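For clarity, every value in this text was computed on a predicted model and none was experimentally measured. All values below come from the heavy atoms of this structure, side chains included, with hydrogens, waters and symmetry mates left out.
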Amino acid sequence: SRIVAPAQISNGKLNVNFGARTYMTSFDLTSKSELFKFQSQGSVSSDGRLAGDAANGRAGFMDLQGLLSGDKGGSAAYIFNGRIDSIRTVNGVTYWQQ
């Protein structure tokens, strides 16, 4: 059976190195009384697409796809999938604005 539980994201960080065309992101995910730390890093394409390095099922790492935009002085959004442990996963979307 599948159980769905709401979660909150806090302490979000997104750092983009435009010269190297790379990014690093992380956040804390809280669901009920549990806290989980997630991270991802990867490349930034010439058109602003974020492509995460493969998480390969490792707990605390995310598979990620996103996009940078010049909208509203600079923004970004990404969708993510991650593994909490051997039986639980997380997926969602974030929006970042400068």
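- Met24 and Phe80 fall into different hydrophobic clusters, where Ile, Leu, Val, Met, Phe, Trp and Tyr side chains are chained together by heavy-atom contacts under 4.5 Å.
- Interatomic distance, OG1 of Thr30 versus CG of Asn11, reported as 8.5 Å (0.5 Å rounding).
- Side chain of Asn81 to main chain of Asp63: no donor-acceptor pair is present (N/O by atom type, distance under 3.5 Å, no hydrogens or angles).
- Within the 4.5 Å cutoff, no side-chain heavy atoms of Leu14 are placed close to those of Phe27.
- Pairing each heavy atom of Trp96 with each of Gly12, the nearest pair is CH2-C, 3.4 Å.
- Remark: the backbone N or O of Pro6 is paired with a side-chain donor or acceptor of Ser31 at under 3.5 angstrom.
- A continuous path of ILVMFWY side-chain contacts below 4.5 Å connects Leu29 to Met62, so both sit in one hydrophobic cluster.
- Using a 4.5 Å heavy-atom cutoff, the side chains of Ile87 and Asp85 are in contact.
- In this structure, Ser26 OG and Phe38 CZ are separated by 12.0 Å, a value rounded to the nearest 0.5 Å.
- Not a single side chain to side chain donor-acceptor pair (under 3.5 Å) links Thr22 to another residue, sequence neighbours left out.
- Here Tyr78 and Tyr23 keep their ring centres 6.0 angstrom or further from each other.
- Among residues at least two apart or in separate chains, there is no salt bridge (Lys or Arg N to Asp or Glu O under 4.0 Å) pair with a member in residues 2-23.
- Looking only at side-chain heavy atoms (C-beta outward), Phe36 and Val90 stay at 4.5 Å or farther from each other.
- For the pair Val93/Tyr95, no side-chain contact is recorded, criterion being any heavy-atom separation below 4.5 Å from C-beta on.
- In plain terms, the two heavy atoms of Ser69 and Asp71 that are nearest each other are OG-N, 2.9 Å.
- Gly57 and Arg83 make their closest contact through O-CD, 3.3 Å (heavy atoms, listed as atom of the first residue, atom of the second, distance).
- With a 6.0 Å radius and a threshold of 12 heavy atoms from other residues, nucleotides or ligands, Gln97 has its CD atom above the threshold.
- Considering only residues two or more places apart in sequence or on other chains, Asp53 meets the salt bridge (charged side-chain N to carboxylate O under 4.0 Å, His left out) condition with none of them.
- Heavy-atom neighbours of Arg88 CZ from other residues, nucleotides or ligands within 6.0 Å: above the threshold of 12.
- Considering only heavy atoms from C-beta on, Ile84 stays 4.5 Å or farther from Glu34 through its side chain.
- Looking at heavy atoms from C-beta onward, Leu50 lies in side-chain contact with Leu68 at the 4.5 angstrom threshold.
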